[in-house]
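The shown structure was predicted, so the numbers you read here are calculated from the model rather than taken from an experiment.
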Amino acid sequence: MASIDQVMLQLVPLSTAKLHPLVLVNICDSFVRRPDQAERVIGTLLGSLLPDGTVDIRNAYVVPHNESSDQVALDIDYHHNMLASHLKVNPKEVIVGWFSTGSGVTGSSALIHEFYSREVANPIHLTVDTGFTSGEASIKAFVSINLSLGDQQLAAQFQQVPLDLRMIEAERVGFDILKTTTVEKLPSDLEGMESTMGRLLALIDDVHKYVDDIVDGRVAADNSVGRFISLSSIPKLPPPAFDKLVNDRLQDELVLLYLSSITRTQLSLAEKLNTAAQIL
């Protein structure tokens with residue numbers, strides 16, 4: 001019997017796709033570990049469907065395959081075994097689509113999409129450009145739409161849908177580094193915090209500008225945005241006061257970091273001394 005999420009996939013039109021960072025990590029790791037003769041990797045996307053029609057993509061696993069210019073062979077038994085194993089751990093997740101690495105939709109994508117269309121109605125096709133064709137990692141989501149003339153189906157067309165890649169700030173910093181082709185060096189903790197605070201200040205300035213535009217009548221007021229701002233409002237501080245507030249908090253964080261480093265060193269030293277005493 002089909003699960004509730006699968007039935008919803010059949011009834012609710014897709015509006016957008018929400019991608020969790022873990023899925024990206026799994027896909028990139030699978031691409032690095034692919035066989036030498038494989039040009040790309042493909043696999044299954046797992047997740048759920050939200051009430052507003054958004055596909056929430058939470059996990060993924062690779063499906064072995066062989067492909068040529070005119071045909072694709074998937075290891076269906078492996079796919080079903082992996083799905084059964086995954087459902088034992090996450091029974092609420094279902095198949096929501098499939099992924100492939102590469103610059104976009106290829107000629108064989110329709111054949112693979114047809115297989116996943118038998119697994120779930122209206123599956124998502126996620127593409128991850130691990131070859132950095134455009135200079136950075138491009139991530140896109142597609143759905144297939146049937147083109148027909150009267151009652152006769154002519155072909156299937158892939159149509160891109162909005163993709164929402166939501167991350168916490170720590171994940172965002174890592175993704176910004178990984179999506180570029182070259183990086184001179186990894187940012188330190190202080191550099192990462194400085195970059196984060198710069199973005200925070202820019203967002204605060206945007207909010208104040210938006211409010212000033214509404215007060216001056218240049219922009220029409222939006223009640224939903226106003227309620228959100230009132231619930232998350234912060235005092236408008238001059239730059240010196242904001243710098244002092246951040247620096248005071250930073251000093252506290254550095255003290256905690258120093259104490260934790262000393263504790264780790266003492267524990268490591270005690271462990272080595274205890275091991276040496278047992279040997280002697």
Check your understanding: Taking Ser85 for the side chain and Asn81 for the main chain, is one N or O donor matched with an acceptor at less than 3.5 Å?
Key -> yes
Exercise for review: Decide side-chain contact (heavy atoms from CB on, under 4.5 Å) for Leu49 and Thr54; before the verdict, give the C-alpha distance in whole Å, the side-chain angles of both, and the deciding distance to 0.1 Å.
Suggested key: CA-CA 6 Å; Leu49 189 73; Thr54 300; over 6 Å; no
**Study point:** Ala221 versus Ile214, closest heavy-atom pair with distance
**Key:** CB-CG2, 3.9 Å
Review point. Can you find a pair of side-chain heavy atoms, one from Leu46 and one from Val94, that are under 4.5 Å apart?
Key: no
Exercise for review: Would you give the length of the straight line joining atom CG of Asn90 to atom CG of Leu87, rounded to the nearest 0.5 angstrom?
Suggested key: 8.0 Å
Review point. So how far is it from Lys272 NZ to Thr275 OG1, rounded to the nearest 0.5 Å?
Key: 8.0 Å
Check your understanding: Using the ring of each side chain (for Trp, its six-membered ring), is Tyr116 parallel, tilted or perpendicular to Trp98, with breaks at 30° and 60°?
Key -> parallel
Point to revise | Contact check, side chains of Leu269 and Leu273, non-hydrogen atoms, under 4.5 Å | key: yes
**Study point:** Lys18 and Ile57: CA distance, side-chain angles, deciding distance, side-chain contact (heavy atoms from CB on, under 4.5 Å) verdict
**Key:** CA-CA 6 Å; Lys18 179 181 177 182; Ile57 307 173; over 6 Å; no
Check your understanding: Do NZ/NE/NH1/NH2 and the carboxylate oxygens of Arg33 and Asp29 come within less than 4.0 Å?
Key -> yes
Practice item. Taking the side chain as every heavy atom from C-beta outward, state whether Phe142 and Val161 have any atom pair closer than 4.5 Å. Key: no
Practice item. Flag yes if Leu163 and Val96 sit in one hydrophobic cluster, no otherwise; membership is Ile, Leu, Val, Met, Phe, Trp, Tyr, and two members link when side-chain heavy atoms are under 4.5 Å apart. Key: yes
Study note, to complete from the structure: Ser144 and Asn122 have their tightest heavy-atom pair at O-OD1, 4.2 Å
Practice item. Compare every heavy atom of Arg40 with every heavy atom of Phe31, then report the nearest pair and how far apart it is. Key: CE1-CA, 4.5 Å
Check your understanding: Taking atom CG of Asp56 and atom CD1 of Ile124, what is their separation to the nearest 0.5 Å?
Key -> 11.5 Å
**Study point:** Exceeds 12 heavy-atom contacts within 6.0 angstrom, atom CZ of Arg218
**Key:** yes
Practice item. Could you walk me through whether Ser48 and Arg58 pass the side-chain contact (heavy atoms from CB on, under 4.5 Å) test, one step at a time? Key: CA-CA 8 Å; Ser48 61; Arg58 301 175 184 170; 3.1 Å; yes
Exercise for review: State, yes or no, whether a side-chain contact exists between Pro123 and Ser117 at a heavy-atom distance under 4.5 Å.
Suggested key: yes
**Study point:** Minimum-distance pair of heavy atoms, taken over all atoms of Asn26 and Ala60
**Key:** ND2-O, 3.7 Å
**Study point:** Donor-acceptor contact present, side-chain Ser260 to main-chain Leu257, <3.5 Å
**Key:** yes
Practice item. Examine Val25 and Ile27 and state if one hydrophobic cluster contains both, with Ile, Leu, Val, Met, Phe, Trp and Tyr joined whenever side-chain heavy atoms are less than 4.5 Å apart. Key: no
Point to revise | Trace of the side-chain contact (heavy atoms from CB on, under 4.5 Å) decision for Arg249 with Lys244 | key: CA-CA 9 Å; Arg249 179 62 182 271; Lys244 183 179 183 303; over 6 Å; no
Point to revise | OG1-CE distance between Thr44 and Met82, expressed to the nearest 0.5 angstrom | key: 8.5 Å
Review point. With side chains defined as the heavy atoms from C-beta onward, is the minimum distance between Gln160 and Thr127 less than 4.5 Å?
Key: no
Point to revise | Spacing of NE2 belonging to His113 relative to CZ belonging to Phe158, to within rounding of 0.5 Å | key: 5.0 Å
Exercise for review: Group every Ile, Leu, Val, Met, Phe, Trp and Tyr by side-chain heavy-atom contacts under 4.5 Å, then state whether Leu22 and Tyr61 land in the same group.
Suggested key: no
Point to revise | Spacing of Leu19 atom CG and Leu45 atom CG [to the nearest 0.5 Å] | key: 8.0 Å
Review point. Any side-chain heavy atom of Asn66 within less than 4.5 Å of one from Asp75?
Key: no
Exercise for review: Verify, without hydrogens or angle tests, whether Thr101 (side chain) and Val41 (backbone) share a donor-acceptor contact under 3.5 angstrom.
Suggested key: yes
Exercise for review: Answer yes or no: is there a side-chain heavy-atom contact under 4.5 Å between Asp129 and Ile139?
Suggested key: no
Practice item. Before giving the answer on ring pair (Phe, Tyr, Trp, His ring centres under 6.0 Å), spell out for His125 and Phe99 the whole-Å C-alpha distance, their side-chain angles and the decisive distance to 0.1 Å. Key: CA-CA 6 Å; His125 174 31; Phe99 71 85; 9.1 Å; no
Practice item. Using a cut-off of 6.0 Å, state whether more than 12 heavy atoms not belonging to Glu253 lie near its atom CD. Key: yes
Practice item. For Thr16 and Pro162, indicate whether the former's side chain and the latter's backbone hold a donor-acceptor pair under 3.5 Å. Key: yes
Practice item. Treat each ILVMFWY residue as a node, draw an edge where side-chain heavy atoms are under 4.5 Å apart, and state whether Val215 and Tyr210 are in one component. Key: yes
